[in-house]
Amino acid sequence: MANSLRCLLIKPLVQASNQRTNTYLGKLIMQLKLVPGNSAGTVTAYYLSSLGSAHDEIDFEFLGNLSGDPYILHTNIFTQGKGNREQQFYLCFFVDGTPIREFKNLESNGIAFPKSQPMQIYSSLWNADDWATRGGLVKTDWTQAPFTASYRNFNAQACIWSSGSSSCSKSSSNSWLTQSLDTTGQARIKWVQKNYMIYNYCTDTKRFPQGFPPECSLA
């Protein structure tokens, strides 16, 4: 993947770029410049996904809005093809270096964790005005096209999956392999979720009338 990338959305089509390297585990850094001005109906996405119906996936989708309104960061996690783990946040704070979400490894409790399938990195800009802005009430204004989103300074500290094996051994000294949130990081997550979270699947009783997913009570 080049060190910079620009996606253009001219009409209701997906414009996407695919990072070919298969990442097994890692720490990924990317700087994004979102669609400026009236971005209603557009989705700027940066996500990781493996292949197949039982795929793993980690989503970061930035939902456009009318000029002057904040972007919404839509996150989701798929394990073994199962998603429905959405959390959304208003982007009214400095995101870089601030943790916003943690999905713990609870395999010992029978909850799948996305760690065994190598994933590719994807960047895309697409139209989703049927749901992205105010539940689809605000449509994309195509007189504002082309819509542009930019990606740059991609950096990956990761295990690369190639020919059926990982580039990292169990004895690897990479610090990110054992990195976890400290007390300060946990406090930051609580602050963000208290002040800027606008949707959490673990509190949506209408969506899960028979009970929340098990990780909601264990995390």
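Numbers here are sequence positions counted from 1. All heavy atoms count here, side chains included; hydrogens, waters and symmetry mates do not.
For the pair L91 and I72, the minimum side-chain heavy-atom distance is 4.5 Å or more. Two residues are said to be in side-chain contact when any heavy atoms from C-beta on lie closer than 4.5 Å; Y201 and F208 meet this criterion. By the 4.5 Å heavy-atom criterion applied to side chains, L125 and V43 are not counted as neighbours. Using a 4.5 Å cut-off on side-chain heavy atoms (C-beta onward), P114 and F103 make contact. Within the 4.5 Å cutoff, the side chain of E57 has no heavy atoms near those of the L48 side chain. At least one side-chain heavy atom of R207 sits under 4.5 Å from a side-chain heavy atom of N84. With contacts defined as side-chain heavy-atom distances shorter than 4.5 Å, the pair F212/T205 qualifies. Two residues are said to be in side-chain contact when any heavy atoms from C-beta on lie closer than 4.5 Å; F154 and I121 meet this criterion.
With hydrophobic clusters built from ILVMFWY side chains whose heavy atoms lie under 4.5 angstrom apart, F113 does not share a cluster with L28.
With sequence neighbours left out, Y71 forms a ring pair (Phe, Tyr, Trp, His ring centres under 6.0 Å) with no residue at all. Residues satisfying the side chain to side chain contact (heavy atoms under 4.5 Å, CB included) test with N155, not counting sequence neighbours, are I29, Q157. For N76, the side chain to side chain contact (heavy atoms under 4.5 Å, CB included) partners are D59, F78, R85, E86, not counting sequence neighbours. Remark: D182 pairs with T184 by the side chain to side chain contact (heavy atoms under 4.5 Å, CB included) rule, at least two apart or across chains. Residues passing the side-chain hydrogen bond (donor to acceptor under 3.5 Å, both in side chains) test with T75, sequence neighbours excluded: R101. Take Q88 and apply the side-chain hydrogen bond (donor to acceptor under 3.5 Å, both in side chains) test, not counting sequence neighbours, and it matches H74. In this view, A112 and T79, Q80 satisfy the side chain to side chain contact (heavy atoms under 4.5 Å, CB included) rule, not counting sequence neighbours.
Rounded to the nearest 0.5 Å, atoms SG (C7) and OH (Y46) are 12.5 Å apart. Here the CG-OG distance, from L5 to S150, works out to 8.0 Å after rounding to the nearest 0.5 Å. To the nearest 0.5 Å, atoms CG (N127) and OG1 (T140) are separated by 4.0 Å. The line from CE of M119 to OG of S50 is 6.5 Å long, rounded to the nearest 0.5 Å. Note that the CD atom of Q144 and the OG atom of S39 stand 10.5 Å from one another [nearest 0.5 Å]. Here the CZ atom belonging to F60 is positioned 10.5 Å from the CG atom belonging to L32, to the nearest 0.5 angstrom.
Remark: side-chain polar atoms of Y90 are not paired, donor with acceptor, to backbone N or O of N195 under 3.5 angstrom. Of the possible donor and acceptor atoms, one in the side chain of T203 sits under 3.5 Å from a partner among the backbone N and O of N200. S166 places no side-chain N or O within donor-acceptor distance of the main-chain N or O of C159, the cut-off being under 3.5 Å. For T133 (side chain) and G41 (main-chain N/O), a donor-acceptor pair under 3.5 Å exists by modelled atom type. Looking at S67, its side chain does come within 3.5 Å of a backbone N or O of N38 through a donor-acceptor pair.
The salt bridge (charged side-chain N to carboxylate O under 4.0 Å, His left out) contacts involving residues 116-135 comprise D69-R134, where partners must be two or more places apart or lie in separate chains. Sorted pairs that involve residues 139-152 and meet salt bridge (charged side-chain N to carboxylate O under 4.0 Å, His left out), not counting sequence neighbours, are lacking altogether. Identified under the salt bridge (charged side-chain N to carboxylate O under 4.0 Å, His left out) test for residues 28-48, with sequence neighbours left out: none.
When every heavy atom of A145 is checked against every heavy atom of I10, the shortest pair comes out as CB-O, 3.6 Å. Of all heavy-atom pairs spanning V192 and P99, the tightest one is CG2-O, 4.1 Å.
For Y47 and Y122, the distance between ring centers is under 6.0 angstrom. Ring pair W142/F147: centre-to-centre distance below 6.0 Å.
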| field | Candidate pair Y199 and D204, rule side chain to side chain contact (heavy atoms under 4.5 Å, CB included), full reasoning | value | CA-CA 8 Å; Y199 177 79; D204 192 339; 2.8 Å; yes
| Given the rule in the side chain to side chain contact (heavy atoms under 4.5 Å, CB included) test, do E61 and L73 qualify, once you have shown the distances and angles that lead to the verdict? | CA-CA 6 Å; E61 297 180 331; L73 173 56; 6.0 Å; no
| field | Trace of the side chain to side chain contact (heavy atoms under 4.5 Å, CB included) decision for I100 with Y196 | value | CA-CA 10 Å; I100 63 170; Y196 297 107; over 6 Å; no
| said: Apply side chain to side chain contact (heavy atoms under 4.5 Å, CB included) to residues T148 and V35 and explain how you reach the verdict. | reply: CA-CA 5 Å; T148 304; V35 175; 5.9 Å; no
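Side-chain heavy-atom separations under 4.5 angstrom define the hydrophobic clusters, and the remaining members of the one that includes V138 are L66. Taking Ile, Leu, Val, Met, Phe, Trp and Tyr as members and joining any whose side-chain heavy atoms lie under 4.5 Å apart, directly or through other members, L137 forms no hydrophobic cluster with any other residue.
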